Amino acid sequence: MDQIKELPKTYDPHAVEEPLYKWWEENGYFKPETQVAMGQSSWEAPTFTIGMPPPNVTGALHIGHAMTATVEDIMTRYHRMRGDLTLWVPGSDHAGIATQAVVERRLADEGLTRHDLGREKFVERVWQWKEHYHRRITDQHRRLGVSVDWERERFTMDEGLSRAVLTAFIRLYNKGLIYRDDYLVNWCPRCLSVISDLEVEHHEEQGALWYVRYPLVPEGGELSDAPWGSPDWGKGATEWITVATTRPETILGDTAVAVHPGDERYTHLIGRVALLPGVSRPIPIIADAAVEREFGTGAVKVTPGHDPTDYAIGQRHGLPIISIMNRDATINQEGGPYAGLDRYEARQRLVADLEKAGLLVKKQEHTLSVGHCHRCGTVIEPLISTQWFVKMKPLAEPAIAAVRDGRIRIVPEHFEKIYFHWMENVRDWVISRQLWWGHRIPVWYGPDSHPFAAFDAPEAHEQARQHYGHEVELRQDEDVLDTWFSSGLWPFSILGWPDDTEDLRTFYPNSVLETGYDIIFFWVARMIFMGLEMMGDIPFHTVYLHGLIRDELGRKYSKSLGNALDPMQVIEDVGTDALRFTLMTSSTPGVDTKLSEKALVAGRNFMNKLWNIGRFTLNSLPDKIPAVDPEQFTLADRWILSRTDDLTESVTRLFEAYQFGEAGRQIRDFLWDEFADWYVEMSKIRLQGSDAEAKATAQAVLATVLERALRLLHPFAPFITETLWQRLPHEGATIMLAPWPTPAGWQDETAEREMNLVRELIRDIRNARSEYNVEPSRRIAAIVSADAHETFIRSQAPIIEMLARVDGAQFTITRSLAEPPAQAVSLVIGEGILAYLPLAGLIDLDKERERLTKEVADTQAEIERTTALLNKPGFADKAPANVVQGARDKLAAAQERHQKLTERLTSLA
RNA sequence: GGGCGGCUAGCUCAGUUGGUCAGAGCGCCUCGCUUACACCGAGGAGGUCGUAGGUUCGAGCCCUACGUCGCCCACCA
C-alpha cells in the first residue's frame with residue numbers, strides 16, 4: 001500500500017481514504033474467498049452474511065444510507081476479524097414507481113410524457129437513468145468504506161433476479177396464493193397506478209363536513225321526475241333524511257343510506273327509499289352496525305365505489321357499486337351533469353347546486369385524515385379496479401411463528417410487537433402496478449381472458465395449446481409487479497436462487513438484516529414470509545433496526561424540506577471515519593438520532609487525537625522493537641495493559657449485544673482519557689531517559705496497546721486505523737484480516753488500584769495548585785505520608801514529579817510523619833495517604849481551614865449515608881456479598897479519611 | 001381509537017442484565033503555545049434523571065397512573 005512517510009501534524013482523511021479503499025478492493029479483502037486463501041477463515045467456519053438493503057436508483061445516497069452502511073460495515077468487519085466466513089452483498093433496487101416518477105418528471109421538463117415515447121423507448125430511458133445513478137451510488141458507497149463483495153453485486157432487475165421474480169410469482173400462483181380480482185384499491189390519479197396500503201400516507205387536514213338532506217319517496221307514492229337543477233326536483237317530498245359527508249362529490253356514487261340498526265331515530269325509515277340528488281337515483285335506506293350513531297346525523301351515505309367502509313357495507317347488503325370517476329379522478333358519465341369535471345371542481349359545483357336546491361343543511365369545519373401517494377403526494381382516490389393480489393393469511397402465519405418462537409430475533413425487541421400487530425392484521429397485498437418500469441407480470445391471456453402464468457411467451461403458448469386444444473393469440477398482462485415483490489426475495493435471490501448455488505448453500509440463511517425501522521413492513525416482513533415460503537427457512541437470524549437520522553430540529557432529512565444533509569459533503573468536511581464514528585456513538589439502536597454539526601466536529605477531533613497518538617507512538621519507536629521482559633513492566637505498564645484487557649472484554653461483549661455506540665464510546669474514552677492523557681504522558685519519562693531497557697519496555701507497551709486498540713476501533717474507523725496499523729509493528733497484510741483481540745491475561749487488579757491512587761494524588765496536587773494559583777511552570781515541594789503504600793508511591797515518584805510538577809529535590813515520601821508542616825495545603829488521598837504541599841508564601845491558613853472543614857463535612861455525610869445503608873434492615877443479608885463488602889470498604893475508607901482530615905484540621909486550629 | 005418511543009447538566013445526547021450511574025461532547029469560567037495533538041493540555045462551575053404513586057434492602061433503570069413532544073397503525077362518513 002501507499003506509504004506516507006511523514007505523518008502530517010493534522011490528520012488529513014482525504015489523503016488516505018480513497019487510495020486505501022482501492023487497495024483493499026483490489027486485493028480482494030472484502031471477499032470470503034480471500035479469507036480462505038489467506039488462511040484467515042475456512043469454508044467450514046461459521047458464516048456471517050448480510051444482504052445490503054439495496055438503495056433506490058433514484059438519485060444520490062442520503063445520510064440514512066450512511067447510517068445503514070456504517071452499522072453493517074461495523075458488523076461485517078467485526079465478524080471478518082473474528083475469522084467468520086464473511087459475506088456482505090451489495091446491490092441496488094429498481095424502485096419501480098419511484099424511479100419511473102423521477103424519469104417522468106425529467107421528461108416533463110422536456111415537455112414530454114412517457115406516452116409520447118412509448119413503453120419500449122421509455123423503459124430504455126429509465127435504464128439510462130439507472131446506469132448513471134447506479135454508478136453514483138456505488139461510488140458513494142465506496143467512499144463510505146463499505147467492505148462489500150462488489151463482484152457479487154446485484155440489481156433487482158438483472159437477469160438472475162428477474163428469474164427469481166418469475167419463479168416466485170409462478171410458484172405462488174400455482175399454489176393459489178396469487179389471484180386477480182376487482183377490489184376497491186388505493187389509486188393514485190397522478191401516477192395512474194394502484195398503490196398498496198403501505199404506500200398511502202395519511203395526513204390530518206382541515207376539511208369540512210357537509211350536511212345534506214335527501215328527500216324520501218313517499219310510501220306508496222312518487223316524487224316529481226323533474227330533472228336535477230329544475231326547481232321541481234324532488235317535489236312532493238314531505239320527509240327527508242340528512243347525511244353528513246366530507247366528500248360531497250361522492251354523492252353521485254351513493255347506492256344507499258345507512259343507519260345503525262338500533263338507532264330509534266331512524267328505525268321507521270329503514271326500508272324506505274330516498275332520491276339521490278345530482279343523479280336522481282332511488283336508493284334504499286338500510287341498517288348496518290358499522291354506522292356510528294354519534295357521528296354527524298347518525299345517517300351515512302353509502303358509496304361502495306369510493307370508500308372502503310362503504311365498500312364493506314355494500315358487500316354485506318349486496319349494493320351495486322358505481323364508480324363515478326375516471327382514472328385521472330375526473331367524473332365519468334355516471335356523474336351525469338358533472339361528467340368531465342375534476343373531482344374537486346365537481347365537489348364545488350355539486351355543493352352549490354345542493355344549496356340552490358335547499359338540500360344543504362349546514363357545513364361545519366372538520367379535520368380529517370386524508371390519504372396521499374407516498375411518492376408524489378397526490379390525494380389518493382379509492383377506486384374499484386382489477387388487480388393482482390397475494391393472499392396473505394397463509395404466508396403470514398409461519399412468518400409470525402418464526403419471530404414468536406425466536407428463530408428470528410428483532411433488535412431492539414419492542415419492534416416485535418409492531419411486527420406482530422401488522423402481520424396479524426395484514427390484508428392481501430396488491431402486487432400489480434400500472435407502470436412500465438419493473439418486472440412485467442408473467443401472465444398471458446387467451447381470447448376469453450383465461451390467464452396462463454409462465455416464464456415466457458413460448459411456455460404460455462404451450463399452456464394455451466393444451467388448454468384450448470389449438471394455437472391462439474395471447475396477450476401479456478400490461479402491468480408490472482410492486483417493487484417490493486423483488487426486494488422481498490433479496491436474502492436468497494442475491495445468492496443465486498432459484499438455482500442451487502454454492503453461495504446459496506453456504507450463506508443462507510443470512511445472519512443479520514439491518515435497516516431502518518421505517519421499512520419493517522415494506523421490506524422486512526415480506527422477506528420473512530418470502531424466505532419461509534420459497535426457501536423453507538428463515539431468511540436471517542437477527543433483524544437489527546437502527547433509528548432514523550434527523551436534523552437538529554428533529555425533522556427527517558429530505559430534499560423537499562431543504563434540509564438534506566449530503567453524506568458526501570460531510571465526508572469532505574470531516575472525513576469518513578469521523579462521520580461513521582459520530583453516527584454510531586451518538587445513537588442508540590432503534591431510536592432516532594439528531595445529528596449535529598457539533599457532534600461531527602467532535603468526531604473529527606477524536607480522529608485527529610488518534611492520529612497524534614499514532615504519531616507520537618511511531619516517532620518514539622526504534623526501527624525494530626526489541627524483545628521485552630515482562631519483569632521490567634512498571635506499574636504504569638501493568639495498569640495500561642490491564643485496562644487494555646478490560647476494554648477488549650467489554651467491547652467484545654458490547655459487539656455481541658449490538659451495542660455498537662457504547663463500544664465506540666468506550667474505545668474513545670480509553671484512548672483519549674487513559675492512554676493519551678496518562679499512559680503516553682507517563683511513558684515520556686522512560687522514553688527520554690537513559691535507561692535503554694526501560695525505554696524499550698515503554699516502547700513495546702506503547703506499540704502493543706495502540707495496536708490492539710486500533711484493531712478494536714477498526715470496524716468504526718477503518719481508514720485511520722489501517723493507516724496507523726500499517727506503520728506499527730504488526731502481523732499480517734491488513735488490519736481488516738487481523739484477528740479480533742482477546743484478553744491476553746493482563747488483567748491486574750492491584751495495578752489498577754495502585755495506579756488509581758497515583759492518579760488521584762496527581763489530580764489532587766494539580767487541583768491544589770490551581771486553587772492556590774501556582775504558576776504552571778513552578779515546581780513545588782511535596783511531602784507524602786503514604787502509610788502502607790510507601791513503597792509503590794516511592795516507585796512512582798518520577799511520574800508524580802512530572803505530572804504534578806513537583807520538585808524532585810523537595811519531594812519527600814515517608815511511611816509516616818511525626819510532625820506535619822503547618823504552613824501547607826494538606827490532601828487526603830484514597831485509603832489514607834496524606835500529602836502536604838508547603839506552598840511557601842501562598843498558604844492562607846483561614847482558607848485552608850475552610851477547605852478542610854468542608855471536606856470533613858462531605859466525608860461525614862458519606863459516612864452517614866453508608867452507615868445508614870449498612871444498617872438498613874435486610875440490606876446485609878439480601879444484597880449480594882460483593883455489594884455489601886463494597887459498602888463496608890467504602891465506609892472504612894471514609895472513616896479513615898475523616899479521621900485524617902479531622903487530625904489535620906485540629907493541628908491547624 | 002389503539003400502540004410505540006423520547007422526556008437525564010444551558011444545548012445535543014450516552015447510561016447494556018436495578019446496587020461507585022449521576023456521565024460525555026459542545027458551551028461557560030480559571031489557567032497554560034511543557035519538543036504527539038490548540039481539531040490540544042490542566043483545573044472548575046452546572047442536574048431533586050417530566051410528575052405522582054408503587055415494588056425492592058436498594059430504581060434514570062421494574063410496575064401503575066398522569067403530563068408533554070414525536071412516530072406508527074386504524075374503514076367514524
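First the proteins, then the strands, lettered A, B, ... as listed; each starts at 1. Values in this document were obtained by computation on a predicted structure and should not be read as measured data.
Under 4.0 angstrom from either OP1 or OP2 of rA36(B) there lies at least one side-chain N or O belonging to Lys684(A). Side-chain nitrogen and oxygen atoms of Thr588(A) include at least one within less than 4.0 Å of the OP1 or OP2 phosphate oxygen of rG15(B). Taking side-chain N and O atoms only, Trp672(A) has a distance below 4.0 Å to OP1 or OP2 of rG41(B). For the pair Asn605(A) and rG25(B), the criterion of a side-chain N or O lying under 4.0 Å from OP1 or OP2 is not met. Close to rA77(B), at under 4.0 Å from its OP1 or OP2, lies no side-chain N or O of Lys301(A).
Nucleotides rU64(B) and rC21(B) place their C1' atoms 25 Å apart, quoted to the nearest Å. Distance noted for atom C1' between rG58(B) and rU17(B): 16 Å (whole Å). Taking atom C1' in both rA24(B) and rU8(B), the straight-line distance is 12 Å, to the nearest Å.
Across all strands shown, rG1(B) pairs with rC73(B); the Watson-Crick or G-U wobble distances both stay below 3.5 Å. With a 3.5 Å ceiling on both atom-pair distances, rU17(B) lacks any Watson-Crick or G-U wobble partner. The partner of rC66(B) is rG50(B), by the rule that a Watson-Crick or G-U pair needs both atom distances under 3.5 Å.
Looking at Lys609(A), its side chain comes within 3.5 Å of the base of rC37(B) through a donor and an acceptor atom. For a distance-only test at 3.5 Å, the side chain of Arg653(A) qualifies as a donor-acceptor partner of the base of rU16(B). Remark: the Arg615(A) side chain and the rC37(B) base include no donor-acceptor N/O pair separated by less than 3.5 Å. For Gln666(A) against rA14(B), a side-chain-to-base donor-acceptor contact under 3.5 Å is absent.
A salt bridge between Arg247(A) and Glu381(A) is present, with a side-chain N of the basic residue lying under 4.0 Å from a carboxylate O of the acidic one. Contact check on Glu862(A) versus Arg865(A) returns no salt bridge, with no Lys/Arg side-chain nitrogen under 4.0 Å from an Asp/Glu carboxylate oxygen.
Nearest nucleotide to the Val291(A) side chain, out of rG15(B), rA77(B), rA36(B): rA77(B). Distances from the side chain of Ala879(A) to the nucleotides rC57(B), rG43(B), rC75(B) place rC57(B) closest. With distances taken from any side-chain atom of Asn767(A) to the nucleotides rC72(B), rC37(B), rG44(B), the minimum falls on rG44(B).
If you check every strand for non-hydrogen atoms under 4.0 Å, Lys878(A) touches a base. Residue-level contact check: Thr246(A) touches the backbone only, with heavy atoms under 4.0 Å from sugar-phosphate atoms and none from bases.
In textbook terms, a nucleotide whose glycosidic angle is within 90° of 0 is syn, and rG60(B) is one such case.
Here the side chain of Thr297(A) pairs a donor or acceptor atom with the backbone of Ala299(A) at under 3.5 angstrom.
Tyr214(A) and Asp254(A) share a side-chain donor-acceptor pair at under 3.5 Å.
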